[in-house]
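To keep things clear, I will list the structure first and then write my remarks on it.
Quick note: numbers below take in every heavy atom, side chains included, and nothing from hydrogens, waters or symmetry partners. Each chain gets a letter, A, B and so on, in the order the sequences are listed, and its residues count up from 1.
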Number of protein chains: 2
Amino acid sequence: MPKIVDKDAMRERILDAAENAFHRDGITQVRMVDIAAELSVAKGTIYLYFPSRAELIAALVTRFFKSAENPLAAAPPAPSLEAFQKMILQMVTASSPDESTLLRFFSIFGAELKNPDISTPLAAYFDMLAEALGAELSRLAPNMPDPTQTARALVSVIDGLMLHRGLFGHNADIDTTKRLITAILSSP
Amino acid sequence: MPKIVDKDAMRERILDAAENAFHRDGITQVRMVDIAAELSVAKGTIYLYFPSRAELIAALVTRFFKSAENPLAAAPPAPSLEAFQKMILQMVTASSPDESTLLRFFSIFGAELKNPDISTPLAAYFDMLAEALGAELSRLAPNMPDPTQTARALVSVIDGLMLHRGLFGHNADIDTTKRLITAILSSP
DNA sequence: TCTTTTAATGACTTGACGGTCAGAAAAGCA
DNA sequence: TGCTTTTCTGACCGTCAAGTCATTAAAAGA
């Protein structure tokens, strides 16, 4: 007899709305009413699903890193160093800045980077990426001096390229980026 | 006969206090009273020097980029590509994370990256850096395919390395970083 | 259709913070 | 020491957004 809604789905919809609004207008500019409006519901509804703004934001952080699984795992292992280079290049240039999870994350949580709740999972995410890259590197370029270190540095480099691409709309043309990545990934 | 204070010096002291507080506690956490307390003055005093919180922040942004002049201009022009590589390496690894102007900037204004008041001068700063790097590159490595593009990409790369170094205390060891930079800066 | 239970609403409350300003204090000259 | 001008102070005000809750709406079985 009662009205029933899918609570989990509604939570997700609220998180989606919040994420969009934060990304579009900046986390400090977005009020609870704005998130509600984004969903065409009343403010009170938000509070049926999240006890406070802070907890909503915490849930958003959690979700970010749950979804941010290893993008390398999805793709089939690269058959050669050349193919691997190409894949990295894709990673940097393929996604339009607005789709970039990382940029989205920065634009929302940039100011909270000193907050361990934010920086710890972020650091873990980059380490995970580096580990996966390092394993591929060892396999594909056995002569590479220090694959673990190289992979971690490569992650920093990729992040820098993506960030600038996203933030400043700067598109180092594909050729240049390719040349850079090739240079880095070629055994000395 | 009147009490006289150095207005400009006081403005600087207020900006210093604000910058420290923002850096330490996060810009959203810091209230006007907190900035005043940092200086052991009353809140009203701040308003004798800045008409509003927004203008204080704007002044801080301006100051950031006034002080962040071209770090390349300071150093004498590199006599060789090798020397240039060494200088870039210094740039990435020398300053301790906490002294890094750029990291300080990010930790304060990270969330405001979508705000043109913030992103415009930041983009201009990176472009200025890229231009300077590009000029040096053209001079030192005439064979380099597209020095302008390469320089801009190099700036992204350097920023990525510095950011990760600062944010995650990750120190790609000097050798690895050196190898990366050498690889990028060697004509193909 | 009526009834019951859950879900949604939005006017209202509360507290916090930016900004003001009348009065107090400080400085320095006569 | 008094006098004048500048500077500082902090209680107060207004606004605005988070969070509450009495009331209304929606769903669906009897």
Task: Whether over 12 other heavy atoms sit under 6.0 Å from Glu38(B) CD - done: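 Result for CD/Glu38(B): enclosed.
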Task: Residues, nucleotides or ligands: over 12 heavy atoms within 6.0 Å of Arg13(A) CZ - done: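 No.
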Task: Modelled atom types, side-chain donor and acceptor of Arg152(B) and Thr148(B), under 3.5 Å - done: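 Absent: no donor and acceptor within the cut-off.
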- [ ] Say whether Arg165(A) and Ser156(B), considering side chains only, have a donor N or O and an acceptor N or O under 3.5 Å apart.
- [x]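 No, no side-chain donor-acceptor contact under 3.5 Å.
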Let me know the distance between [atom1] of [X] and [atom2] of [N], rounded to the nearest Å.
{"X": "Met32(B)", "N": "dT20(C)", "atom1": "CE", "atom2": "P", "result": "10 Å"}
{"X": "Leu56(B)", "N": "dG18(C)", "atom1": "CG", "atom2": "C1'", "result": "12 Å"}
{"X": "Arg13(A)", "N": "dA8(C)", "atom1": "CZ", "atom2": "P", "result": "9 Å"}
{"X": "Leu39(A)", "N": "dA8(C)", "atom1": "CG", "atom2": "P", "result": "11 Å"}
{"X": "Asp25(B)", "N": "dC17(C)", "atom1": "CG", "atom2": "P", "result": "13 Å"}
{"X": "Glu55(B)", "N": "dG18(C)", "atom1": "CD", "atom2": "P", "result": "15 Å"}
{"X": "Ile35(A)", "N": "dA18(D)", "atom1": "CD1", "atom2": "C1'", "result": "11 Å"}
{"X": "Ile27(B)", "N": "dG18(C)", "atom1": "CD1", "atom2": "P", "result": "11 Å"}

Detail all sub-3.5 Å separations between protein N/O atoms and N/O atoms belonging to nucleotides 24-27 of chain C.
unit_1  : atom_1 : unit_2  : atom_2 : d
dA27(C) : N3     : Met1(B) : O      : 2.6

Nearest to the side chain of [X], heavy atoms from C-beta on, is which of [options]?
{"X": "Tyr47(B)", "options": "dG19(C), dA7(C), dC17(C)", "value": "dG19(C)"}
{"X": "Val41(A)", "options": "dT9(D), dT9(C), dG19(C)", "value": "dT9(C)"}
{"X": "Lys43(B)", "options": "dG19(C), dT20(D), dG10(D)", "value": "dG19(C)"}
{"X": "Ser52(A)", "options": "dT7(D), dG19(D), dT9(C)", "value": "dG19(D)"}

Task: Plane angle bin for Phe168(A) and Phe126(B) - parallel if under 30°, tilted between 30 and 60°, otherwise perpendicular - done: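 Rings of Phe126(B) and Phe168(A): tilted, 30 to 60°.
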Open item on the list: Can you confirm if the aromatic rings of Phe105(A) and Phe65(A) lie within a centre distance of less than 6.0 Å?
Closed with: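 Yes, the ring centres sit under 6.0 Å apart.
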TODO: Could you check Val5(B) against Ala54(A) and say which one's nearest nucleotide on DNA chain D is further toward the 5' end?
DONE: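 The residue mapped nearer the 5' terminus is Val5(B).
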Open item on the list: Please confirm whether the shortest side-chain N or O distance from Tyr49(A) to OP1 or OP2 of dA8(C) is below 4.0 Å.
Closed with: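 It does, given that an N or O in the side chain of Tyr49(A) lies less than 4.0 Å from OP1 or OP2 of dA8(C).
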- [ ] Examine dT6(C): is either OP1 or OP2 under 4.0 Å from a nitrogen or oxygen in the side chain of Lys7(A)? Give yes or no.
- [x]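 So the side-chain polar atoms of Lys7(A) never come under 4.0 Å of the phosphate oxygens OP1 or OP2 of dT6(C).
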Open item on the list: If the threshold is 4.0 Å, N to carboxylate O, is there a salt bridge linking Asp34(A) and Arg31(A)?
Closed with: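 A salt bridge links Asp34(A) with Arg31(A).
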Task: Closest-nucleotide ordering on DNA chain C, the 5'-leading residue of Leu48(B) and Val33(B) - done: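 Here Val33(B) is the residue nearer the 5' end.
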